[in-house]
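Since this is a predicted model, take the numbers as computed values, not measurements.
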Amino acid sequence: MNKTVIIGGVAGGATAAARLRRLDEDAEIVILERSAYVSYANCGLPYHLGGVISDRDDLIIKTAEDFLNRYNIEVRLLQEAQTIDRVGQSVLVKDLATGALYDESYDNLIIATGAKATVPEADADARDRVFTLQTMDDMDRILVFIKEQQPQQVAILGGGFIGIEAAENLVNLGLQVSIIQRSNQILPPLDPEMSILPQAELTNKGVSLLLDSPVSRISRAADGINIELMDGSSCMVDFIIAAIGVRPENTLAVQAGLDIGEHGGILTDEHMRTSDPRIFAVGDVVEVHEYVSQNPSLIALAGPATKQARIAADNIYGIESTYQGTQGSQIIKVFDLAVASTGINEKQAISQSLDYDKIYFSASNHADYYPGSTDIQFKVLFLKSTGKILGAQVIGYEGVDKRCDVLATAIRAGMTGSDLGELQLCYAPPFSSAKDPINTIGYMIENLLTGKLLQFHWHDVDQLPTDGTVNLIDVRTPSEYDRGHVFGFVNIPVDDMRRRIDEIDASKHTYLICQQGVRSYTAARILAAHGIKSTHLCGGYRFYSLAKL
């Protein structure tokens, strides 16, 4: 009988065990889990913290008893793997309840130890008020503290997913919340100009946002916890939640001499095998290849962890399935705003020296004439040579997830802008428009690649010459123009352009601005028909104004 031992539960370990049982009824499967929970929804922890998920037990997906009764899998809780003996094919295990040590043999081993939350340095007497939010125990400790101490102010260190979700839920509890972020933006998967939208949502909901604010010291004070920042300023709070990142829990792998990647994750092949053919690794402890660039990376997401777990189980059973890389498709709720991304961002495209271009586009989530439409803001990256989609960032209130999912599928399928234009997507007025925003994005990319349109971007606007050597034309209505415009641009509404064509010097290149980039495209085609070369502002004045905040 083949015996598989799995170190760690939750998404990776639990999924691998269940998949292996479905493939092999006779295999002996043992899960060693050092906590009291083998399978729980750690992504839901912030929402129980804020009371959105009212029943704590709803976070527990499967118990040890469930695994035994349904899958005939032995789950041993409060059992911590100490070392791996690769030669003897055994794991030294410590029973955390009794302190006893014992050896557990294996034919195949899966390491699913996940990642460990990074804890900031703090003075000794302040550490009892610095929490993380990664496990059920972490959540319980925070809830006990809130109940017993009745805090009023909390600082969240880190503006990533966990930090923002915690911020929203603590605001809902009535706390005064500050997010302290080391870098100049929240949500690192976004490019800086796109992060402005969720940052505005946070501040509008009462969250104090401190960007470019590295912490120099955390100390105890009479009134709570004092956080000193590198710029010399400080803030006083009742407690801290540290959400400054995670690192692979690779201690066992390092001790066992397994190959470790440049970012600290365990190296595996496409079958999720480590450098030892009897040992597999899955989940956040693994160093993956980012799907678009195939560069090594750490991407901690539950979806990829479950896919890797399935692949590891397949290969243990004898099915040669492979993992193709982690695309990083992700979404977060920021109060009423949905923020999604997939593939690579512009920061990554630049670092990889890709010959790319980008478009900014804003569209309604459904037909404008149907009540309740709201805008969705897109940023899409593509290769200049082929139009192949590289990455996307999608932000709005409704319809964000399905648009980002379509773009994620397009990236996985190697689709181009032209392919997006050909997609036949669901339409009814409450859900979309006859020409879905995804189609329009495809048309925009196709127009750029075929030379029907030239574009410039928000960061190019302030470098345009205003000395009369080029034409600068704002094609919005006079009332829009009067509410705000870029210095040097004269107002010729697109509807008047044919009648006023003689006012435009055909010997000069023309730069066009409208509100969202649609009317400027129409104006560009009118000018082209009159032999006047032009370039339009992608995303329009609306996005320029946003990005310049």
Going by an N to O cut-off under 4.0 Å, is there a salt bridge joining K205 and E168? no
Between R519 and E480, does any side-chain N to carboxylate O distance fall below 4.0 Å? yes
Report yes if the distance between the aromatic ring centroids of H485 and F489 is under 6.0 Å, otherwise no. no
Do [X] and [Y] pair up side chain to side chain, a donor and an acceptor below 3.5 Å, judged on atom types alone?
X	Y	value
S534	T510	no
S183	Q181	yes
Q516	Y541	no
K452	T450	yes

Return each pair, listed once, that meets salt bridge (charged side-chain N to carboxylate O under 4.0 Å, His left out) where at least one residue sits in residues 343-359; pairs must be two or more places apart or across chains. E346-K358, E346-K379, D355-K384
Among residues two or more places apart or on two chains, list those pairs meeting ring pair (Phe, Tyr, Trp, His ring centres under 6.0 Å) that have a residue in residues 500-519. F456-Y511, H509-Y511
Shortest non-hydrogen contact from R403 to F431? NH2-O, 3.7 Å
Answer yes or no: does atom CD of Q424 have more than 12 heavy-atom neighbours from other residues, nucleotides or ligands under 6.0 Å? no
Return yes when atom CD of E320 has more than 12 non-hydrogen atoms of other residues, nucleotides or ligands closer than 6.0 Å, and no otherwise. no
